[in-house]
Student: 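Dropping a structure here in structure tokens format, bear with me for questions.
Counting starts at 1 for both ligands and their atoms, following the listed order. This structure is a prediction, so every number in the text was calculated from the model and none was measured.
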Amino acid sequence: MTAALELRHFIGGEWVGQPEVESRNPFDDSVVAVVASGTAATVADAVAAAQAAQPAWEALPAPKRGAILLDAADLLRSRQRAVAEDLVREEGKTLAEAMGEVRRAIDVFRFFGSLGWRASGDVFPSNTPDTMVYTRREPLGVVGLVTPWNFPIAIPAWKLAPALISGNTVVLKPAELTPRSVHNLASVLAEAGLPDGVLNIVNGKGSVVGEALAAHPDVAAISFTGSTKVGEHIRGVVQGRRGRVQLEMGGKNALVVLDDADPDVAAAVAAAGGFGLTGQACTATSRVIATGGIHDAFVDALAKVAATIVPGDGLADGAMMGPVVSDAQLATDLAALEKARADGNLIGGESDGRLLRPAVVTGLPADHSVVTDEVFGPLIAVLPTTDLDAAIEAVNSSAYGLAAGICTTNLASAQHFAARAHAGVIKVNRPTAGLDLNVPFGGVKASSTNTFREQGEAALEFYTWSKTVYLGHDR
Ligand code: NAP
Ligand code: MG
């Protein structure tokens, strides 16, 4: 166990500010860090540092920018275990989950680092003789990143890497609950030779630091991941000053289970999607819509899996599920469980402080709040349906549209579903949660701005603008 670390802001290459706010381990309440809490003035300093550093960063050849990301990835790999343990201590997920998440950050840095070697524009034929037309992708300038606590290193990494490789400088506001993972990310970038001011971090409250960042006139764009409520507020602030904004927000992700599926296989898919990461994933399965012939067998199989999952300390050997991240999130989970118990048939869901047993609820009406609202906990509502088309209608009745899944052995049913489900990510016979890093990611409806995608090469579009050059050469 490492001592509580003092965490400062990172501005212009200096660690600054007075650590004052305690960050605690959700498993045992031990203090894991004491953190500086920024103000609008701290944000202004960070934006000024980012602005000062931007022209030189943009002028550095892209392969050299990429080399810094690649070296940072190597450093992160060399301390993967320690960084993962820090992540468990501040967020609570299991060490296996945290090792996977840190691995994701490493791979994201490698992917975007190597993109530094790729040409970034297109060449076109011109209608005018002796003229070449090509496009350049220009950086936006200073970009602001606002990130949630549930993937405290992977989400910052998947925003930072495309921002930096494109020649932008960054001000990042980590979630107040999980500042240490971003501190570790900044440390490896600084050690890898990232020039001062290219990445700046301001810790503190969203309502203060996030708000000031979104409102700052010199921040060209904001990429935000978090709740729909906060995201929609930020959209108003940033668009009000004609900034560019990308929001990835909540979900109420459904898994359809058809009669032709194997109930045990479908239960394993649902449990991985719904109970993994303590249900605290934006793409978590929180609704299952099962056709009549499999519904009861599926519920039995899912309840059996749920009963085997024992929550505990994420750092303990063989930990299966970590604690709920905070008392505020626990209150949300317990309120949903209470409603599920009152209005339906609840299986599981017992709590011992922040340790929550996974839960399955049946018998709720389709318009019940547990079926329609994001909970962000290990609770799956199962609803019966008649056939595939009715199931698709139920999937699409949600205000959200992030991920949707189907368990079926029928290819035609799978393709019918993939074409008609209104969600940004479709999973066939795979858990709704869990993404590849090299492919576009994002949602529709209340889950996303649904303009720019994150991850893969698609992520570069948000962090750049396109310029068209006509190059004539008369002789
Ligand atoms: P959140 O409460 O919306 O917070 C997200 C970030 O916004 C935090 O850094 C927060 O700061 C900050 N913030 C809060 N108020 C702000 C304001 N007025 N202006 C600017 N920034 C502000 O979300 P969360 O509780 O951390 O995370 C859970 C949510 O994230 C869930 O809804 C989940 O579905 C969503 N999520 C979505 C995705 C996706 O890709 N679609 C991925 C993961 C999570 P604080 O430190 O003060 O909280
Ligand atoms: Mg929050």
Student: Could you tell me if any non-hydrogen atom of A214 lies under 4.0 Å from any atom of ligand 1?
Tutor: no
Student: Starting at CG of L437, measure out to CZ of F109 and round the result to the nearest 0.5 Å.
Tutor: 12.5 Å
Student: For ligand 1, does L402 get within less than 4.0 Å through its side chain, its backbone, both, or neither, judged by non-hydrogen atoms?
Tutor: side chain
Student: In ligand 1, which numbered atoms sit nearer than 4.0 Å to a non-hydrogen atom of A175?
Tutor: 9 (O), 46 (O)
Student: State the atoms of ligand 1, each with its element, that fall below the 4.0 Å cut-off from a heavy-atom position in F441.
Tutor: 40 (O)
Student: What atoms in ligand 1 come closer than 4.0 Å to a heavy atom of I155?
Tutor: 42 (C), 43 (C)
Student: Mind checking whether W149 and F376 have ring centres under 6.0 Å apart?
Tutor: yes
Student: Can you tell me which portion of T147 lies within the under-4.0 Å heavy-atom range of ligand 1? Options are side chain, backbone, both, or neither.
Tutor: backbone
Student: Is a donor on one side and an acceptor on the other found under 3.5 Å between the side chain of N429 and the backbone of T408?
Tutor: yes
Student: Among G226, S447, A212, C282, which one has a heavy atom closest to atom 35 (C) of ligand 1?
Tutor: G226
Student: Using the side-chain contact (heavy atoms from CB on, under 4.5 Å) rule, pick out the option among V143, V198, T169, L140 that qualifies with Q54.
Tutor: T169
Student: Is it the case that K427 and T432 place a side-chain donor and acceptor less than 3.5 Å from each other?
Tutor: no
Student: Exactly one of F462, Y463, W465 should register a ring pair (Phe, Tyr, Trp, His ring centres under 6.0 Å) with F452. Which one does?
Tutor: F462
Student: Against ligand 1, does V237 come closer than 4.0 Å with any heavy atom?
Tutor: no
Student: Answer yes or no: does an N/O atom from M249 fall short of 3.5 Å to an N/O atom of ligand 1?
Tutor: yes
Student: Side chain, backbone, both or neither: which part of V230 comes within less than 4.0 Å of ligand 1 when only heavy atoms are counted?
Tutor: side chain
Student: For ligand 1, does V209 get within less than 4.0 Å through its side chain, its backbone, both, or neither, judged by non-hydrogen atoms?
Tutor: neither
Student: Should one rank P179, G231, G210, G206 by closest heavy-atom distance to atom 17 (C) of ligand 1, which comes out on top?
Tutor: G206
Student: For residues E457 and R118, determine if any side-chain heavy atom of one lies less than 4.5 Å from a side-chain heavy atom of the other.
Tutor: yes
Student: So is there a nitrogen or oxygen of S227 less than 3.5 Å from a nitrogen or oxygen in ligand 1?
Tutor: yes
Student: If you take all heavy atoms of H422 and N396, which pair is closest and at what distance?
Tutor: N-OD1, 2.8 Å
Student: Relative to the heavy atoms of G250, which atoms of ligand 1 are at a distance of less than 4.0 Å?
Tutor: 32 (O), 34 (O)
Student: Please list, in number order, the atoms of ligand 1 under 4.0 Å from a heavy atom of T225.
Tutor: 5 (C), 36 (N), 37 (C), 38 (C), 39 (C), 40 (O), 42 (C), 43 (C), 44 (C)
Student: Using a 4.0 Å cutoff against the non-hydrogen atoms of E176, which atoms of ligand 1 qualify?
Tutor: 45 (P), 46 (O)
Student: Side chains of V371 and R287, heavy atoms from C-beta outward: is any pair under 4.5 Å?
Tutor: yes
Student: Return the minimal non-hydrogen interatomic distance between F441 and E248, and the atom names on each side.
Tutor: O-OE2, 4.3 Å
Student: Of all the atoms in ligand 1, which lie at a distance below 4.0 Å from a heavy atom belonging to N150?
Tutor: 43 (C), 44 (C)
Student: Do K173 and V202 come within less than 4.5 Å of each other through their side chains, counting heavy atoms only?
Tutor: no
Student: Looking at ligand 1, does any of its N/O atoms fall within less than 3.5 Å of an N/O of E211?
Tutor: yes
Student: Under 3.5 Å between any N/O of K205 and any N/O of ligand 1: does that happen in this structure?
Tutor: no
Student: Would you indicate whether the side-chain heavy atoms of I165 and R65 approach each other to under 4.5 Å?
Tutor: yes
Student: Atom CG in N168, atom OG1 in T464: separation rounded to 0.5 Å?
Tutor: 8.0 Å
Student: Check ligand 1 against E248 and write out every atom of the ligand that is under 4.0 Å from a heavy-atom position of the residue.
Tutor: 37 (C), 39 (C), 40 (O), 41 (N)
Student: One residue to check: H233. Relative to ligand 1, which of side chain, backbone, both or neither has a non-hydrogen atom less than 4.0 Å away?
Tutor: side chain
Student: Can an N or O of W149 be found at a distance shorter than 3.5 Å from an N or O of ligand 1?
Tutor: yes
Student: So, T372 versus S369: side-chain donor-acceptor pair below 3.5 Å or not?
Tutor: no
Student: Under 3.5 Å between some N or O of ligand 1 and some N or O of V146?
Tutor: no
